[in-house]
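Only this structure's heavy atoms are used, side chains among them; waters, hydrogens and symmetry mates stay out. If you read the sequence from its start, that first residue is 1, and numbering goes on from there.
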Amino acid sequence: MGIVVQKYGGSSVADAEAVKRVARRIVEAKKAGNDVVVAVSAMGDTTDDLLEKAQAVSPLPPARELDMLLTAGERISMALVAMAISDLGYSARSFTGSQAGVITDSVHGKAKIIDVTPGRITTALEEGHIVIVAGFQGVSQDTKEITTLGRGGTDTTAVALAAALQADVCEIYTDVDGVFTADPRIVPTARKLDRVTYEEMLEMAANGAKILHLRCVEYARRFNIPIHVRSSFSKLDGTIVSGSIDDPAPEEGTMEQAIIAGVAHDRSEAKITVTGVPDKIGEAARIFVALAEAQINLDMIVQNVSEAATNRTDISFTLPHTDGQTAMKTLAALKDEIGFESLLYDDRVGKVSLIGAGMRSHPGVTAKFFSAIAEAGVNLGMISTSEIRISVVVADVDVDAAVIATHTAFDLDADDVEAVVYGGTGR
Ligand code: ADP
Ligand code: ASP
Ligand code: MG
């Protein structure tokens, strides 16, 4: 008898009907002879609603209390799903992240899972129960406080449980039929991928494709857990995330690796430009050391060549816009010390990324990408690349047009079916 780990996202448990539908699906897996462990998200937009409630009483709530509040969302779902299962004549036990043995570091709001000790889960399975675990939360090893894993973190809970329980597969149930070549909410002609490698999925998740939480993909890759991303609203097979871009093709010569896996977009970043930085050794280091000390993660960085007349240069970088104000304050405090001219802040930007392992061996991908964006009348800002990705910053209003044009230019459109979005608000 195998262990199956399933995860149901917020739109899959949005209301009572949805909870009952999910309970039936869980029971089916149990009836098929499996031990079943389920990670659940908060219902619908509950997490956003809780964040708004916090804002209403305090503009900057203490991180510990915010985590206490947010974990309540998943606790509601876990109990309701367990009740709906018991109504079907099966027995289920719900556990908070802490009870389930999800041990994290102590960083509130974006804690990392450092261990899973699933003693209570295995005991409950041995007693014949279906186990329901509240996603997105754990308990800190050092402080013993309750933590959350960051938005979308229930995906990571599921994969961590799958790894700890040595499950054969981790099924992520969501509101679309799998991982598509672009977000189907923007590109209805996007095509479902049958399979995608860990590396390509990592790049997609890191560049805004919120279908999977970035750390869930990192975790799955580290423990070699295949992820099956599929819809909780249909019976269709979804997308298998597994394997590496460096694996040999299954049958040499029969199947050519696709050049492009997909187009991702991200509207969660802002751009800061530090103008007129004196072109001296150590100035860039001073800027970025200060930002690192403020715990800010940067994405793209561009430094222009300095102007001969002034010997000064501009440095631009992107960062999560939630860190924008902290970064501006940190840098403003360095103005006299570094002697730069000014700071510019722009949060009306978006990032469009083209991802695919095949671009390593196909020349002309960048040229085609930039031409497609130009033909759509969109101006390019910053550019960055990795081995299997090219990203550009554009104005936020141009993101959709750039994604659609790129998707078409690389022949990614499906010719027969339109992608279905079954639920969710896309929030
Ligand atoms: P859940 O609540 O199930 O965790 P999410 O809203 O976090 O669901 O993720 C699913 C959403 O991810 C889809 O509804 C879709 O809009 C979005 N998405 C973004 N990029 C992609 C992609 N490449 N393929 C599929 N969905 C994507
Ligand atoms: N409820 C959390 C969120 O909305 C975690 C999750 O759904 O994965 O981000
Ligand atoms: Mg999600």
Side-chain angles (χ1 to χ4, degrees), residues 2-5 7 155-156 158-172 174 176-183 187 190-209 211-230 236-264 352-369 384-391 406-417 419:
I3 296 186
V4 170
V5 175
K7 176 258 171 173
D155 297 337
T156 303
V159 169
L161 290 172
L165 296 164
Q166 294 175 341
D168 301 328
V169 62
C170 181
E171 296 183 322
I172 305 274
T174 183
V176 289
D177 281 315
V179 180
F180 284 77
T181 46
D183 186 342
V187 187
R191 195 159 51 201
K192 187 177 78 184
L193 300 169
D194 292 330
R195 190 184 155 256
V196 64
T197 60
Y198 290 124
E199 291 95 332
E200 288 164 307
M201 195 64 233
L202 277 174
E203 290 282 11
M204 287 173 86
N207 289 284
I211 180 80
L212 287 178
H213 193 225
L214 174 60
R215 281 218 293 281
C216 129
V217 189
E218 288 171 351
Y219 217 98
R221 181 187 185 198
R222 175 143 48 99
F223 292 94
N224 203 19
I225 306 277
I227 305 176
H228 186 179
V229 182
R230 59 193 309 191
L236 297 175
D237 282 336
T239 302
I240 302 289
V241 185
S242 70
S244 163
I245 55 172
D246 296 322
D247 291 347
E251 285 163 63
E252 211 65 62
T254 54
M255 215 171 54
E256 210 189 326
Q257 189 173 40
I259 301 174
I260 300 301
V263 187
V352 176
S353 303
L354 183 67
I355 293 141
M359 69 173 67
R360 292 179 299 176
S361 51
H362 281 80
V365 171
T366 310
K368 199 177 192 178
F369 181 33
S384 85
T385 59
S386 82
E387 195 189 11
I388 60 167
R389 173 184 54 83
I390 311 163
S391 300
T406 307
H407 196 266
T408 303
F410 284 91
D411 280 330
L412 298 174
D413 295 298
D415 20 50
D416 40 0
V417 279

State whether the side chain of [X] and the backbone N or O of [Y] hold a donor-acceptor pair below 3.5 Å, judged by distance alone.
X: H228; Y: G238; result: yes
X: R195; Y: S242; result: yes
X: D247; Y: G243; result: no
X: K368; Y: T406; result: no

Do [X] and [Y] have side chains that approach each other closer than 4.5 Å (heavy atoms only, starting at C-beta)?
X: E218; Y: L202; value: yes
X: M359; Y: I390; value: yes
X: T239; Y: D194; value: no
X: M201; Y: I211; value: yes
X: D155; Y: R215; value: no
X: V241; Y: Y198; value: yes
X: I355; Y: V263; value: no
X: D413; Y: V187; value: yes

Can you name the closest pair of heavy atoms from [X] and [Y] and give their distance?
X: V196; Y: A261; answer: CG2-CB, 4.4 Å
X: A167; Y: I225; answer: O-CD1, 4.5 Å
X: L412; Y: G262; answer: CD1-CA, 4.5 Å
X: K7; Y: A158; answer: CB-CB, 3.6 Å
X: A162; Y: V5; answer: CA-CG2, 3.7 Å
X: A419; Y: A190; answer: CB-O, 4.1 Å

*D246: salt bridge (charged side-chain N to carboxylate O under 4.0 Å, His left out) partners, not counting sequence neighbours*: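 Residues passing salt bridge (charged side-chain N to carboxylate O under 4.0 Å, His left out) with D246: R360.
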Interatomic spacing from [atom1] in [X] to [atom2] in [Y] - rounded to 0.5 Å:
X: L354; Y: F410; atom1: CG; atom2: CZ; result: 4.5 Å
X: I388; Y: I260; atom1: CD1; atom2: CD1; result: 10.0 Å
X: D415; Y: R191; atom1: CG; atom2: CZ; result: 7.5 Å
X: L236; Y: D177; atom1: CG; atom2: CG; result: 4.5 Å

*side chain to side chain contact (heavy atoms under 4.5 Å, CB included) between Q166 and I3: does it pass, once the steps are laid out?*
CA-CA 8 Å; Q166 294 175 341; I3 296 186; over 6 Å; no
*Got a sec, which residues hit ring-ring contact (aromatic ring centres under 6.0 Å, His included) with Y219, two or more places apart in sequence or on another chain?*
F223
[X]: what forms a side-chain hydrogen bond (donor to acceptor under 3.5 Å, both in side chains) with it, not counting sequence neighbours?
X: T181; value: H407
X: S391; value: S353, R389
X: E199; value: S244

*Does the distance from a Lys or Arg side-chain N to an Asp or Glu carboxylate O, for E171 and R230, drop under 4.0 Å?*
yes
*Sequence neighbours left out, what pairs pass salt bridge (charged side-chain N to carboxylate O under 4.0 Å, His left out) with at least one residue falling in residues 159-170?*
none
